[in-house]
Amino acid sequence: MKHDIQRRTLLAGLLGGSLFTISGCAPAQVAYNPSGPGIVDVVVPYSSGGGTDTWARFITPYFAKLDPQINRYQIQNIPGGESITGTNAYVHAGTRDGRQLLVSSATTYFQSMLDHSAAEFDFAELEPLALNGTGAVVWTNVESGIRSIDDLLSYGKPVKYAGMSASGLDLVALLGLEALGVEVRGVYGFEGRGPTRLSVQRNETHLDFQTTATYLTQVQPLVDAGQAVPLFSVGELDGNEIVRDPNLPDVPTLSEIVGGDSLAYRAFRSFAAPGFFFQKGLWTNSETDQRVLDNYDSMVKALNADPEFLDEAKDALGGYSLLSGPEVRDQFRSALTIPEDVLNYTKDFLLNKHGSALH
């Protein structure tokens, strides 16, 4: 994206600065030392090189170009505890002036939603600045003997699912398979979705779960070659309804196949919404000054209206637009609310079917 002096000047005039100092209302910061003037520190609670880290490093330079008071964003990777360690560190620092932000993803949301005892944060109390949804597909290698959803339903023995962690993003796929009545044997501990994909390609496991962007680039060629079959997608949220993902128009959603009101399906919907429709995001602590929120709202809208950005962002954003955090905050918070019977069901499901206890 070319340097756009007119747009920077316009935003500076309309929005004012985002890095002003707030006094008198913010608690003392804990273990946070700003990197310097014009630098926004961004906590990424994952290792470098992963999907969330890549997203953060892609999107933040565009914000830096739009805000004349920001020279650059400094990524600070704090991995550990399935993203709990870094997120705890961020919320305890308590910064509210726009100088330190958090990038997080569905795995982190789930730790809080499932009441993990180590999670000292609640995303319903944080302020989203920018969110990015995505879709996903459950697929198989034809050598598994599964060539359609009907074959999956009548498989007659446990299917081996390749995953990273049952209580992470894989939870959505596992709940979907449970809603279908499919008996699953989870094979966990893979270090990323690349290894899970290769495991299914080699027919070492039967089922894999890939986000839309990776599916289209890495799995669709296998489908075109007759070597793989998509089984169902997560879909896209349209109001309160799940509809087909426009990036995957030929892949049916789980909701089309099963629907209903079973606890498994209700749990699937409860975790699919925050896990995929708002999957990655840039966050600030509660009580951040409204001018910071307004600034990012305007910058997101400017990027969504920029054809050059949209072209450059196709792969990084998976073909989906950025969402203004302030605009969808209430919708996101509503998605975090899980009925008690669904929450208890999900915890029992994780423990009894996948050996994953939440301590």
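Sequence positions, counted from 1, serve as the residue numbers for this chain.
- Counting heavy atoms from C-beta outward, L66 and L303 have side chains that approach closer than 4.5 Å.
- Here the side chains of Q210 and R197 are in contact, with some heavy-atom distance below 4.5 Å.
- For the residue pair M113 and A335, the shortest heavy atom distance occurs at CE-O, 4.2 Å.
- Contact check for W55 versus V44: no side-chain heavy atoms found under the 4.5 Å cut-off.
- Between F349 and Y345, the two ring planes are parallel [angle under 30°; tilted spans 30° to 60°].
- Here L129 contributes atom CG and L282 contributes atom CG; the two are 5.0 Å apart, rounded to the nearest 0.5 Å.
- Counting all heavy atoms, side chain and backbone alike, N247 lies closest to G319 at ND2-O, 3.8 Å.
- Put simply, the side chain of K347 does not reach to within 4.5 Å of the side chain of L351, judged on heavy atoms.
- For the pairing with F232, the side chain to side chain contact (heavy atoms under 4.5 Å, CB included) check across V137, L177, V258 returns one residue only, L177.
- A donor-acceptor pair under 3.5 Å links the side-chain atoms of T85 to the main chain of G80, judged by distance alone.
- Shortest non-hydrogen contact noted between P61 and A56 is CD-O, 4.4 Å.
- Under the rule for a salt bridge (charged side-chain N to carboxylate O under 4.0 Å, His left out), R185 has no partner lying at least two apart in sequence or in another chain.
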Check step by step if side-chain contact (heavy atoms from CB on, under 4.5 Å) holds for L171 and H354. CA-CA 10 Å; L171 176 60; H354 295 278; over 6 Å; no
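- With 3.5 Å as the limit, one finds no donor-acceptor pair spanning the side chains of E236 and Y320.
- Of all the heavy atoms in A93 and Q100, the pair that sits closest is CB-OE1, 3.5 Å.
- Applying the salt bridge (charged side-chain N to carboxylate O under 4.0 Å, His left out) rule to K314 yields the partners D311; only residues at least two apart in sequence or on another chain are considered.
- Checked by atom type and distance alone, the side chain of Y90 never pairs as donor or acceptor with a backbone atom of V103 at under 3.5 Å.
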Is there a side-chain hydrogen bond (donor to acceptor under 3.5 Å, both in side chains) between D41 and S35? Walk through the geometry before answering. CA-CA 7 Å; D41 294 308; S35 293; 2.4 Å; yes
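- Taking hydrophobic clusters as Ile, Leu, Val, Met, Phe, Trp and Tyr residues chained together by side-chain heavy-atom distances below 4.5 Å, I257 shares a cluster with L231.
- Both L114 and L126 are members of a single hydrophobic cluster when ILVMFWY side chains are connected at heavy-atom separations under 4.5 Å.
- Between A173 and V138, the shortest heavy-atom distance links the atoms CB-CG2, 4.1 Å.
- Under the salt bridge (charged side-chain N to carboxylate O under 4.0 Å, His left out) criterion, R269 pairs with no residue, sequence neighbours left out.
- Both V172 and L336 sit in one connected hydrophobic cluster of ILVMFWY residues. Membership requires side-chain heavy atoms under 4.5 Å apart, directly or through other members.
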Using the side-chain contact (heavy atoms from CB on, under 4.5 Å) rule, take D245 and V234 through it: C-alpha gap first, then chi angles, then the decisive distance, then the call. CA-CA 8 Å; D245 188 329; V234 170; over 6 Å; no
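- The environment of K353 atom NZ is sparse: at most 12 non-hydrogen atoms of other residues, nucleotides or ligands sit within 6.0 angstrom.
- F123 and F278 have their aromatic ring centers separated by at least 6.0 angstrom.
- Among the candidates V142, L222, V223, N141, the single residue satisfying the side chain to side chain contact (heavy atoms under 4.5 Å, CB included) test with V229 is V142.
- When all heavy atoms are compared, the tightest approach of W139 to P230 is CB-CA, 4.0 Å.
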Check the pair F121, L102 against side-chain contact (heavy atoms from CB on, under 4.5 Å), reporting the backbone distance first and the verdict last. CA-CA 12 Å; F121 50 84; L102 171 73; over 6 Å; no
Take E125 and V91, measure what side-chain contact (heavy atoms from CB on, under 4.5 Å) needs, and give me the verdict at the end. CA-CA 10 Å; E125 297 177 357; V91 297; over 6 Å; no
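- The existence of a salt bridge linking D238 and R244 is excluded, since no basic side-chain nitrogen approaches an acidic carboxylate oxygen closer than 4.0 Å.
- Transitive grouping of hydrophobic side chains (ILVMFWY, heavy atoms separated by less than 4.5 Å) brings L323 and I242 into a common cluster.
- Side-chain contact between R193 and D170: present, with at least one pair of heavy atoms (C-beta onward) separated by less than 4.5 Å.
- Partners of Y161 by ring pair (Phe, Tyr, Trp, His ring centres under 6.0 Å), not counting sequence neighbours: none found.
- Results of the ring pair (Phe, Tyr, Trp, His ring centres under 6.0 Å) test with F271 over Y265, F277, Y109, F110 single out F110 as the only residue that passes.
- To the nearest 0.5 Å, atom CD of residue Q69 and atom CG of residue N71 are 10.0 Å apart.
- Here D341 pairs with L263, R266, P339 under the side chain to side chain contact (heavy atoms under 4.5 Å, CB included) rule; sequence neighbours left out.
- Contacts of D53 classified as salt bridge (charged side-chain N to carboxylate O under 4.0 Å, His left out), with partners at least two apart in sequence or in another chain: R57.
- Screening V159, L152, V187, V184 for a side chain to side chain contact (heavy atoms under 4.5 Å, CB included) involving H206 leaves a single residue, V159.
- Around atom CG of N240, no more than 12 heavy atoms belonging to other residues, nucleotides or ligands sit under 6.0 Å away.
- Side-chain atoms of F63 and I59, non-hydrogen and from C-beta on, do get closer than 4.5 Å to each other.
- For the atom pair OG1 (T87) and NE2 (H92), the distance works out to 10.5 Å, reported to the nearest 0.5 Å.
- Side chain of N352 to main chain of D348: a donor-acceptor pair is present (N/O by atom type, distance under 3.5 Å, no hydrogens or angles).
- L216 has its side chain within reach of L248: a pair of non-hydrogen atoms, C-beta onward, lies under 4.5 Å apart.
- The line from CD of E82 to OG1 of T107 is 7.0 Å long, rounded to the nearest 0.5 Å.
- Remark: N304 CG to L322 CG distance equals 5.5 Å, nearest 0.5 Å.
- For the pair L180 and I149, the minimum side-chain heavy-atom distance is below 4.5 Å.
- Between the side chain of S199 and the backbone N or O of P195, no donor-acceptor pair lies under 3.5 Å.
- Note: the hydrophobic cluster containing F268 also contains V182 (ILVMFWY, side chain heavy atoms under 4.5 Å, direct or indirect links).
- A side-chain donor from one of Y46 and T108 sits under 3.5 Å from a side-chain acceptor of the other.
- No donor-acceptor distance shorter than 3.5 angstrom exists from the side chain of N285 to the backbone of R96, with no hydrogens or angles considered.
- Taking CG from L101 and CD from Q74, the interatomic distance works out to 13.0 Å, rounded to the nearest 0.5 Å.
- Note on E127 versus R333: salt bridge recorded, some NZ/NE/NH1/NH2 to OD/OE distance being below 4.0 Å.
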